[in-house]
Amino acid sequence: MSYLRPADLAREHGLSPQTVRNYERHGFLPPAGRSETGYRRYTGRHAAALRTYLALVPAHGYAEAGTIMRAAVEGRWDDALTAVDRSHAELLRDRETLDAVGEALAHLHGRPSGARRPAPRVAQPFTIGELARRLGVGVATVRAWEQAGVLAPRRRPDTNHRAYDADDVRDAELAHFLRRGHYPLRLIATVVQEVRTAGDTRTLESALADWRARITSRSRAMLKAAALLSAYLALEDEQPSD
């Protein structure tokens, strides 16, 4: 059998030999055999493990990639695949949030009619009852939205009653719209926060396009990593440990 040195594995990826040794020490590569003089002897199995780990990083992040690869190297395949599934579930939640933000933007712009919908004009802050009547919901529903983090009204200093200004009314209308689309409150709270942070729809549209591009990039990275991980697990099935 021909063996590989740390430098041989490192060269393919533009890494230093020490980085390869560090990856082995962290458990991302199987333990290397040693020559009679004590030098590490890597094989094609190690090269496959390194390719897999490096593909997992952009797909799952450093921490999760390490968790997946250590479990795979140690033969804990259910643990490795559970970690993969966890990342896929996270990405799906991101897609759901992205879709909800997109719907919120369309709502703010008044689509599909094409008529731009301006922010609601509020001469003076609404009470909780007035806001509930405007939306056609119960007061308890508005309180539930606040408890979920969807709304964050200020309190009147004299009475401590809730006071909903124009931004609060906009957030409540978005929440009402998204609830009719059966989105959960936890997701709606995230969407409303995105709208608040962006400040205007053009900024949010730009952020949305960047977010969508990052999700697409991560999805493609996951596909590549999954193929390499599957090949590595098949290799582990076919041959004994070194």
Flag side-chain contact, heavy atom, 4.5 Å: Pro17 against Arg5: no
Shortest non-hydrogen contact from Ala80 toward Ala72: CB-N, 4.0 Å
Any Arg218 side-chain heavy atom under 4.5 Å of Met222 side chain: yes
Residue pairs passing the salt bridge (Lys or Arg N to Asp or Glu O under 4.0 Å) test where at least one lies in residues 72-84, sequence neighbours excluded: Glu74-Arg76, Arg76-Asp79
Spacing of CG belonging to Leu91 relative to OG1 belonging to Thr216, to within rounding of 0.5 Å: 9.0 Å
Flag side-chain contact, heavy atom, 4.5 Å: Leu185 against Arg179: yes
Minimum side-chain heavy-atom gap Trp145-His176 below 4.5 Å: yes
Any residue meeting side-chain hydrogen bond (donor to acceptor under 3.5 Å, both in side chains) with Ser219, in chain and number order, not counting sequence neighbours: Arg95
Pro125 and Arg154, any side-chain heavy atoms less than 4.5 Å apart: yes
Student check: side-chain heavy atoms of Arg134 and Val169 closer than 4.5 Å: yes
Atom pair CG (Leu233) and CG (Leu228), whose distance is rounded to the nearest 0.5 Å: 11.0 Å
Side-chain touch Tyr232/Arg45, heavy atoms, less than 4.5 angstrom: yes
Taking only distance into account, with no hydrogens and no angle test, what donor-acceptor pairs under 3.5 Å do side-chain atoms of residues 136-144 form with protein atoms, sequence neighbours excluded?
none

Check: Arg41 and Arg34 side chains under 4.5 Å, non-hydrogen atoms: no
Backbone N/O of Ala226 and side chain of Ser230: donor-acceptor pair under 3.5 Å: no
Rounded distance (nearest 0.5 Å) linking atom CZ of Arg212 with atom CG of Asp94: 12.0 Å
Spatial distance of atom CG (Leu229) from atom CD1 (Ile68) [nearest 0.5 Å]: 7.0 Å
Where at least one partner belongs to residues 48-87, residue pairs that pass ring-ring contact (aromatic ring centres under 6.0 Å, His included), sequence neighbours excluded: Tyr23-Tyr53, Phe28-Tyr53
Whether Asp168 side chain and Asp165 backbone form a donor-acceptor pair below 3.5 Å: yes
For Ser35, side-chain hydrogen bond (donor to acceptor under 3.5 Å, both in side chains) partners two or more places apart: Thr37
Salt bridge (Lys or Arg N to Asp or Glu O under 4.0 Å) pairs, two or more places apart, involving residues 56-71: Glu64-Arg86
